[in-house]
Protein chains: 2
Amino acid sequence: MLKEERHAFILKALETRHKVLTIELSQSLGVSEDTIRRDLKELADAGRVKKVHGGAVSHSLNPFHYKDREIYAHEEKILIAEKAKSLIRPHQVVIMDGGTTNTELARRLPPDLKATIFTNSLPVAVELTDHPSIEIIFMGGRLLKDAQVTVGEEVVATLSGIRADVCILGTRSLDAQMGITEIDWEETKVKRAILHAANESIALVIPEKIGTVQPYIIGEPGELSVLVSTLARRDPRLRPFHEMGIEIL
Amino acid sequence: MLKEERHAFILKALETRHKVLTIELSQSLGVSEDTIRRDLKELADAGRVKKVHGGAVSHSLNPFHYKDREIYAHEEKILIAEKAKSLIRPHQVVIMDGGTTNTELARRLPPDLKATIFTNSLPVAVELTDHPSIEIIFMGGRLLKDAQVTVGEEVVATLSGIRADVCILGTRSLDAQMGITEIDWEETKVKRAILHAANESIALVIPEKIGTVQPYIIGEPGELSVLVSTLARRDPRLRPFHEMGIEIL
DNA sequence: TCGAATCAGGCAATAACCTGCAACCATGCT
DNA sequence: AGCATGGTTGCAGGTTATTGCCTGATTCGA
C-alpha cells in the first residue's frame, strides 16, 4: 500500500463523510495508527484536511467554508431573517453585529436595496460582498476566532464616530428584566457601543434565548426598538416587551 | 527489451491500474529495479506519471486536476505559498495583504506558529480563524467587493501606527525598472502604507506577472526584501532582482 | 479533577532510493 | 580491423524514506 494511495483514500472518504477517525482508517487500511497520524499530518500541512483530535475533518478550500458548519436552529434563523429584512429601509446607515442569525439576514437582503452597512463580523462581511449595491464598512480590531468578530478599543472608537439609523444586534440572551446580556466581556463592550451608535435597535432572537441571562449587560430591555423572533405576536413570552413599547415582529 | 517498450508498457499499466510498483515492473519486464527507477524518473520528468516512493501513480489519482478550477494558476500559487511559509518566524508581527496567493499562504501557515498578523483581506482573515495560535488584527475600512480587501484612510491610519517585522504583498505586477505596480488607486494607497509599515517586505508572485507594469506605483523594486516565485533561483527573469540584493526564493 | 484516549518525538529495521562506475553494445569513423 | 563515442544496463555503496513500536506529554470527556 503506497502512501499516496492512503492519502487518496482518506481524501475520498472525507468527500463523503466529512470526518474520519484515525483508528478507523488504520483498521480499514491495515496500517498502524501512527502511520495514519503521519498521513493526516502531511495532508494537514498541505492544507488538504484539517486535523482534529482523533482524526481529521474536510477542509473545504473556498473561503466560504464556514457555511458548511452546522448551524444550530438554522431553519428558525432563516425565518427570522426573512421577517427582519423588511426593516432595513433604502439609504439607511446600518450597523450589523455578528452571529449566525445576522449572517443569515445579510445573505437575504433584497438585491436592490441600497444602504451602507457597518459590521465587525467576518461572515456578515463575506455575505455582503455578494450584494450588488450595499456599501460595506468593516470595523477593524482584534479578531475573535470563534465568534469571528472584531473587538477592542479600535472598534469602539470607530463606533463612537458613527450615528447610524439602526443597528441589528446578535442576541445571545434576552430577558424582560435584565435586557440583553452577553457572556464575553470584550464582545459586550463592542455591543454596547453598537447599541449607542444607532437611533434604533433591532434584536433578532430565537425563542429559546428569551428569558435567559448572561453575566454582562449590554443594555436595558427598554433600549430595544424592535424584536424579531419566530413567536406569534401575542405569545405570552413577548408580552412584557410589548408592554414596554417594543415593536414585535 | 527496448526502453521505449518499457515506457509504453508502464503507461499502459497505469491507465488501467492507477499505480505501479517498482518491484512488480522489474519482475514482469525482466530488468533490474534500477532500470525501472530510471524509466519512472524519465516519465516523471516528462510529466507522464507521478513518481512516489515505491513506484508511480497516474496523474489522475493525484490531486490538482479536478480541484479548484476557480483560482487562476492555483497550483503555482500553492507552491509559492509553501515556499514562503518558512519566511514567517515565530513571534513576528506580520502584515498580510490580500490576493489569492496570500490566502493560500494564510491557509498553509504551520499550526504551531505563534505570530500576530495584521490584514485587510477578508479571505485571509477567514483562513486564519482556523489557525490555533495566530493573533489576528483586522484593519477596518471600506470594503472593496471584488478584491475583498478594505481600503481608505482608516486602513492607512491604522498602518501608520504599526511598525511590523515583515509584510507580505499580494503582487499584481512586478518589473525590474518600475517595481511593484497596481491597477487600482485605492488599493495602491493601502499597499504603499503596508510597504512602509514593515521592516522587511516579501512579494509572492507568479512568474507571468514578472515584467508587467500597471499604472500606479507602489514601491521601487529595491524596497523588496524577498521575492518568492516558482522560478529557479538562477532564472534570467530574476537576475535583475538578485543583483539589487533581493533574496530570491 | 481523573483516567483513558490520543498525540508527538525518538529509535531501529527494513525497503527503496540515488550516485558513480564498469561492462556491454551498437554505431560510425579512421 | 581497430577504436572512440554515446547510450544503456546492472551492481556496489552510502543515503533517505517509511513504518511500527515505544515513552512521555497532552487533550478530552465524564
Side-chain angles (χ1 to χ4, degrees), chain A residues 1-11 13-14 17-59 69-70 72 145-146 183, chain B residues 1-11 13-14 17-59 61-63 82 85-86 90 108-115 129-134 232:
Chain A
M1 169 71 70
L2 296 175
K3 190 173 61 163
E4 277 67 20
E5 289 182 272
R6 291 197 309 270
H7 287 191
F9 181 93
I10 293 170
L11 291 174
L14 272 177
R17 283 203 281 148
H18 192 70
K19 170 180 92 164
V20 289
L21 302 179
T22 307
I23 193 160
E24 274 179 17
L25 288 172
S26 95
Q27 285 165 1
S28 46
L29 292 173
V31 293
S32 73
E33 291 176 42
D34 299 78
T35 301
I36 297 296
R37 219 166 272 125
R38 276 183 277 243
D39 288 339
L40 294 181
K41 180 166 195 318
E42 280 184 44
L43 290 170
D45 287 346
R48 312 287 308 274
V49 308
K50 178 150 194 275
K51 219 150 87 64
V52 298
H53 196 89
V57 297
S58 70
H59 186 321
R69 286 187 195 160
E70 193 61 35
Y72 179 72
K145 284 174 186 165
D146 353 41
I183 199 170
Chain B
M1 170 69 71
L2 265 347
K3 189 166 64 161
E4 315 306 329
E5 293 180 75
R6 291 198 309 273
H7 286 194
F9 181 94
I10 294 171
L11 291 174
L14 270 179
R17 297 177 53 220
H18 257 358
K19 72 152 183 185
V20 289
L21 304 180
T22 308
I23 291 200
E24 278 180 14
L25 287 173
S26 95
Q27 286 169 356
S28 47
L29 292 173
V31 293
S32 76
E33 292 177 39
D34 298 79
T35 301
I36 297 297
R37 243 169 244 128
R38 275 183 277 245
D39 288 340
L40 294 181
K41 183 165 193 326
E42 282 184 42
L43 289 170
D45 287 346
R48 312 289 303 275
V49 307
K50 173 153 195 269
K51 212 152 92 62
V52 301
H53 196 92
V57 296
S58 72
H59 252 300
L61 177 69
N62 117 9
E82 284 291 337
K85 71 182 189 186
S86 63
R108 291 183 145 65
L109 288 176
D112 55 335
L113 178 67
K114 289 184 179 26
T129 55
D130 282 335
H131 193 286
S133 56
I134 282 183

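A, B, ... follow the sequence lines: proteins, then strands. Residue 1 opens every chain.
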Exercise for review: Provide, to the nearest angstrom, the distance between the CD atom belonging to Glu33(B) and the P atom belonging to dA15(C).
Suggested key: 11 Å
**Study point:** Atom-to-atom span, CD1 of Ile36(A) to C1' of dA5(C) - whole angstrom
**Key:** 17 Å
**Study point:** Along DNA chain C (nearest heavy atom to each residue), the more 5'-positioned of Arg38(A) and Gly55(A)
**Key:** Gly55(A)
Exercise for review: Check every nucleotide of DNA chain D for an atom under 4.0 Å from a heavy-atom of chain B, then give the first and the last such nucleotide from 5' to 3'.
Suggested key: dT8(D) to dT18(D)
Review point. dC17(C) P sits how many Å from Glu42(B) CD, rounded?
Key: 16 Å
Practice item. For Lys51(A), report the nucleic acid contact type (base, sugar-phosphate, nothing); a contact means any heavy atom under 4.0 Å. Key: sugar-phosphate
**Study point:** Interatomic distance where CD belongs to Glu24(B) and C1' belongs to dA16(C) [whole Å]
**Key:** 15 Å
Review point. In whole angstrom, what separates Arg37(A)'s CZ from dA8(C)'s C1'?
Key: 9 Å
Revision key, fill the gap. Value for CD1 (Ile10(B)) from OG (Ser58(B)), rounded to nearest 0.5 Å, stands at 13.5 Å
Review point. Does any non-hydrogen side-chain atom of Glu4(A) lie less than 4.5 Å from one of His53(B)?
Key: no
Review point. Between Glu42(A) and Lys3(A), is a salt bridge (charged side-chain N to carboxylate O under 4.0 Å, His left out) present by the stated rule, with each step listed?
Key: CA-CA 11 Å; Glu42(A) 280 184 44; Lys3(A) 190 173 61 163; 3.3 Å; yes
Check your understanding: Rounded to the Å, how far apart are His53(A) NE2 and dT6(C) C1'?
Key -> 4 Å
Review point. Crowded around Lys51(A) NZ? As in, over 12 foreign heavy atoms under 6.0 Å?
Key: yes
Practice item. Output yes when Asp34(B) and Arg38(B) qualify as a salt bridge under the 4.0 Å nitrogen-oxygen rule, no when they do not. Key: no
Exercise for review: To the nearest Å, give me how far apart CG (Asp34(A)) and P (dA13(C)) are.
Suggested key: 17 Å
Exercise for review: Among the candidates dA16(C), dC7(C), dG10(C), find the nucleotide nearest to the side-chain atoms of Ile23(B).
Suggested key: dA16(C)
Check your understanding: Mapping Thr35(A) and Ser32(B) to their closest nucleotides on DNA chain D, which lands nearer the 5' end?
Key -> Ser32(B)
Check your understanding: Leu2(B) CG to dC25(C) P: how many Å, rounded?
Key -> 15 Å
Review point. Quick one: NZ on Lys41(A) to CG on Asp39(A), what's the gap to the nearest 0.5 Å?
Key: 12.0 Å
Review point. Counting any heavy atom closer than 4.0 Å, what does Lys3(B) reach on the DNA or RNA strands: base, sugar-phosphate only, or nothing?
Key: sugar-phosphate
Revision key, fill the gap. Between Met1(A) and Leu29(A), the two heavy atoms sitting closest are CE-CD2, 4.1 Å
